[in-house]
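One structure is given here, and the rest of the page talks about it.
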There are 2 protein chains.
Amino acid sequence: MLNGNQGRGTAEPDDGHDAVRHVCPLNEVLDRVSGKWAIGVLTLVGAEEVARFTELERGIPGISRRMLTLTLRNLERDGLLTRTVYATVPPRTEYRLTEAARELAHTLSLLTDWAKRHQSHVQASRLDYDDSL
Amino acid sequence: MLNGNQGRGTAEPDDGHDAVRHVCPLNEVLDRVSGKWAIGVLTLVGAEEVARFTELERGIPGISRRMLTLTLRNLERDGLLTRTVYATVPPRTEYRLTEAARELAHTLSLLTDWAKRHQSHVQASRLDYDDSL
DNA sequence: CTGTATCCGAAAAGATACTG
DNA sequence: CAGTATCTTTTCGGATACAG
């Protein structure tokens, strides 16, 4: 902890090169859920129980196919969701949260609570700060 | 929520341009604590109760002055820490967590718990995934 | 339908030098 | 001591085209 050089999350595959990582567990989690789309994907798959690619694409306005794929792959790699491919024509792929991801989602909801409790404080603080410039 | 186009955190000042933001509270929080150094700074200031600039610089190996400054400014702007400047020579600046930040830190510690509980699962999943490539 | 492959611009972070 | 200013590098994400 407090080791410095904590890598931030990325949607691109992670080589794990950054030698001084993997030390603070908290940054580890944050790496997993950071990235512009991870939370949205996690939340939607969780809400649907089981989700298909195009369904996610439609459910998350603004996401590109590339980013959806990248985000899904990273979450799968980290064991947060499973990917099941049916070799039919047309193909069908199903995504589901793992139990670990469901527990994570629960913990994250506590963070959401914090955000709701303090959102006016944060907003006011920003206005103050920006005005004082 | 699930609105798409959630901006990710940045250490650079945030203009708030990204029109479709500020909708999912969770992404709001994540924006605040993302950035490579935010958690480290938050944690160290919290541990010291009151911290000075150089103290933080020494306590967070690898951080540059620029990034320390940017990170501190963003946290201050969001009302997560206070900055008190004493116009002495040499100058002295003190940083403290706000109450909101202490509550945030507590919630984040629950995330850390998740990370510790699942870190072997995640690690194994990654090895599996990478092997299968 | 479920992806890949490329290329490109934007944004985050690092290096280095300078200052009240 | 506590920052700024500038420049460069690295990483992330968007756009577009193509494919099994």
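The basis for the numbers below is simple: all heavy atoms, side chains too, and nothing from hydrogens, waters or symmetry mates. Reminder, nothing fancy here: chain letters follow the sequence lines and each chain counts from 1.
Of all nucleotides listed (D:dG13, C:dG3, D:dG3), C:dG3 comes nearest to the side chain of A:Thr93. Here the side chain of A:Arg52 is nearest to one of C:dT2, D:dC1, C:dA13, namely C:dT2. For A:Arg73, counting side-chain heavy atoms from C-beta on, the closest listed nucleotide (D:dG14, D:dG3, C:dG3) is C:dG3. Of the listed nucleotides (C:dG3, D:dG3, C:dG14), C:dG3 has the atom at the smallest distance from the side chain of A:Arg83.
Proximity of A:Arg52 to A:Arg92: side-chain heavy atoms (C-beta onward) are separated by under 4.5 Å at one or more points. You'll find the side chain of A:Glu94 stays beyond 4.5 Å of the side chain of A:Phe53, heavy atoms only. Under the 4.5 Å side-chain criterion, counting only non-hydrogen atoms from C-beta, B:Arg65 is in contact with B:Glu57. Counting only heavy atoms from C-beta outward, the side chains of B:Glu55 and B:Glu48 approach each other to under 4.5 Å. Between B:Arg32 and B:Glu28, some side-chain heavy-atom pair lies under the 4.5 Å cut-off. Counting heavy atoms from C-beta outward, A:Arg96 and A:Arg83 have side chains that stay 4.5 Å or more apart. Using a 4.5 Å heavy-atom cutoff, the side chains of A:Arg117 and B:Glu103 are in contact.
Proximity of A:Thr54 to the phosphate of C:dT2: a side-chain N or O atom is located under 4.0 Å from OP1 or OP2. The phosphate of D:dC1 has neither OP1 nor OP2 within less than 4.0 Å of any side-chain N or O from B:Tyr95.
For A:Lys36 and C:dA12, the NZ to P distance is 11 Å, given to the nearest whole Å. Atom CZ in B:Arg92 sits about 12 Å away from atom C1' in D:dA2, given to the nearest Å. The distance between atom CG of B:Leu133 and atom C1' of C:dT4, rounded to the nearest whole Å, is 15 Å. Distance, A:Trp37 CH2 to D:dG14 P: 5 Å, rounded to whole Å. Distance, B:Ile39 CD1 to C:dA13 P: 13 Å, rounded to whole Å. Atom pair A:Leu68:CG and C:dT4:P shows a separation of 11 Å (rounding to whole Å applied). Here D:dG14 presents its P atom at 8 Å from CD1 of A:Ile63, a figure rounded to the nearest Å. Counting to the nearest Å, the P atom of D:dG13 and the CG atom of A:Leu70 are 8 Å from each other.
Rounded to 10°, the helix from C:dC1-D:dG20 to C:dG20-D:dC1 has 50° between the axis fitted to its first five pairs and the one fitted to its last five.
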- Task: Report the C-alpha distance between A:Leu108 and A:Thr43 in whole Å, list the side-chain angles of each, state the deciding distance to 0.1 Å, and finish with yes or no for side chain to side chain contact (heavy atoms under 4.5 Å, CB included).
- Result: CA-CA 10 Å; A:Leu108 288 174; A:Thr43 307; over 6 Å; no
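Nucleic acid contact class of B:Tyr86 (heavy atoms, under 4.0 Å, all strands): none.
Cluster note: B:Val50 groups with no other residue, as no ILVMFWY side-chain heavy atom lies under 4.5 Å from it.
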- Query: Which letters describe nucleotides 15-20 of chain D, given B = protein heavy atom under 4.0 Å from base, S = only from sugar-phosphate, - = neither?
  - Reply: B----B
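Atom CD of A:Glu99 has more than 12 neighbouring heavy atoms from other residues, nucleotides or ligands inside a 6.0 Å radius.
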